[in-house]
Amino acid sequence: MTYTTLLSTYTGPVTDAALQTAASAAWGYLLGQTLGRITTVETVTEELSRCFSVLIDLCHGDEQSVTSETVGDFKREYRDPTAGQSQLQRAAEVIRQYLGGTDLLFRGTEG
């Protein structure tokens, strides 16, 4: 599996430079969480495609999230439902959710 192959399956709303930035971060999370095993996968499965798409949206959403806004004397602050979790923690949860039933997350010894 290559980054380009997996990126070609993305059909979400993120485009252009923002897509490249978010997809690069998503690919990094997949490489890290699977210990590089993602590169040995030959075909894109539905689970893998969905996982990558959700990761892209997560990475892009973090860049776009607004925590507060001020207009004149009016100030509004937004509560973050994921407060206390890093992007890595949320990405790891997404990866476990979609790829937990695969051998890509196996941490034991092979052989």
Side chains of [X] and [Y]: does their closest heavy-atom pair fall under 4.5 Å?
{"X": "D57", "Y": "P13", "result": "yes"}
{"X": "L105", "Y": "L35", "result": "no"}
{"X": "L7", "Y": "W27", "result": "no"}
{"X": "T15", "Y": "Y10", "result": "no"}

Backbone N/O of [Y] and side chain of [X]: donor-acceptor pair under 3.5 Å:
{"X": "S53", "Y": "S49", "value": "yes"}
{"X": "S24", "Y": "Q20", "value": "no"}
{"X": "Q89", "Y": "S86", "value": "yes"}

Is V44 reachable from L19 through a run of I, L, V, M, F, W or Y residues, each pair having side-chain heavy atoms under 4.5 Å apart? yes
Dump the intermediate steps for side-chain contact (heavy atoms from CB on, under 4.5 Å) on T34 and V41, then the final yes or no. CA-CA 11 Å; T34 64; V41 174; over 6 Å; no
Between S8 and T5, does any side-chain donor sit less than 3.5 Å from a side-chain acceptor? no
Between F52 and Y98, does a side-chain contact (heavy atoms from CB on, under 4.5 Å) hold up when you go through it step by step? CA-CA 9 Å; F52 191 61; Y98 286 94; over 6 Å; no
Could you give the distance from CG (L58) to CD1 (I95), rounded to the nearest 0.5 Å? 9.5 Å
Which value, rounded to the nearest 0.5 Å, describes the distance between L6 atom CG and I56 atom CD1? 7.0 Å
Over all atoms of both residues, closest heavy-atom pair of L55 and A26: CB-CB, 3.6 Å
Q87 versus C59, closest heavy-atom pair with distance: NE2-CA, 3.5 Å
For M1, run the side chain to side chain contact (heavy atoms under 4.5 Å, CB included) check against L48, L104, T40, T39 and tell me which one passes.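 One option only clears the test, and that one is L48.
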Taking it one step at a time, do E47 and R50 satisfy salt bridge (charged side-chain N to carboxylate O under 4.0 Å, His left out)? CA-CA 5 Å; E47 294 87 3; R50 276 194 259 151; 5.3 Å; no
Pair Q33, L88 - check side-chain contact (heavy atoms from CB on, under 4.5 Å), show working. CA-CA 10 Å; Q33 292 295 307; L88 174 60; 4.0 Å; yes
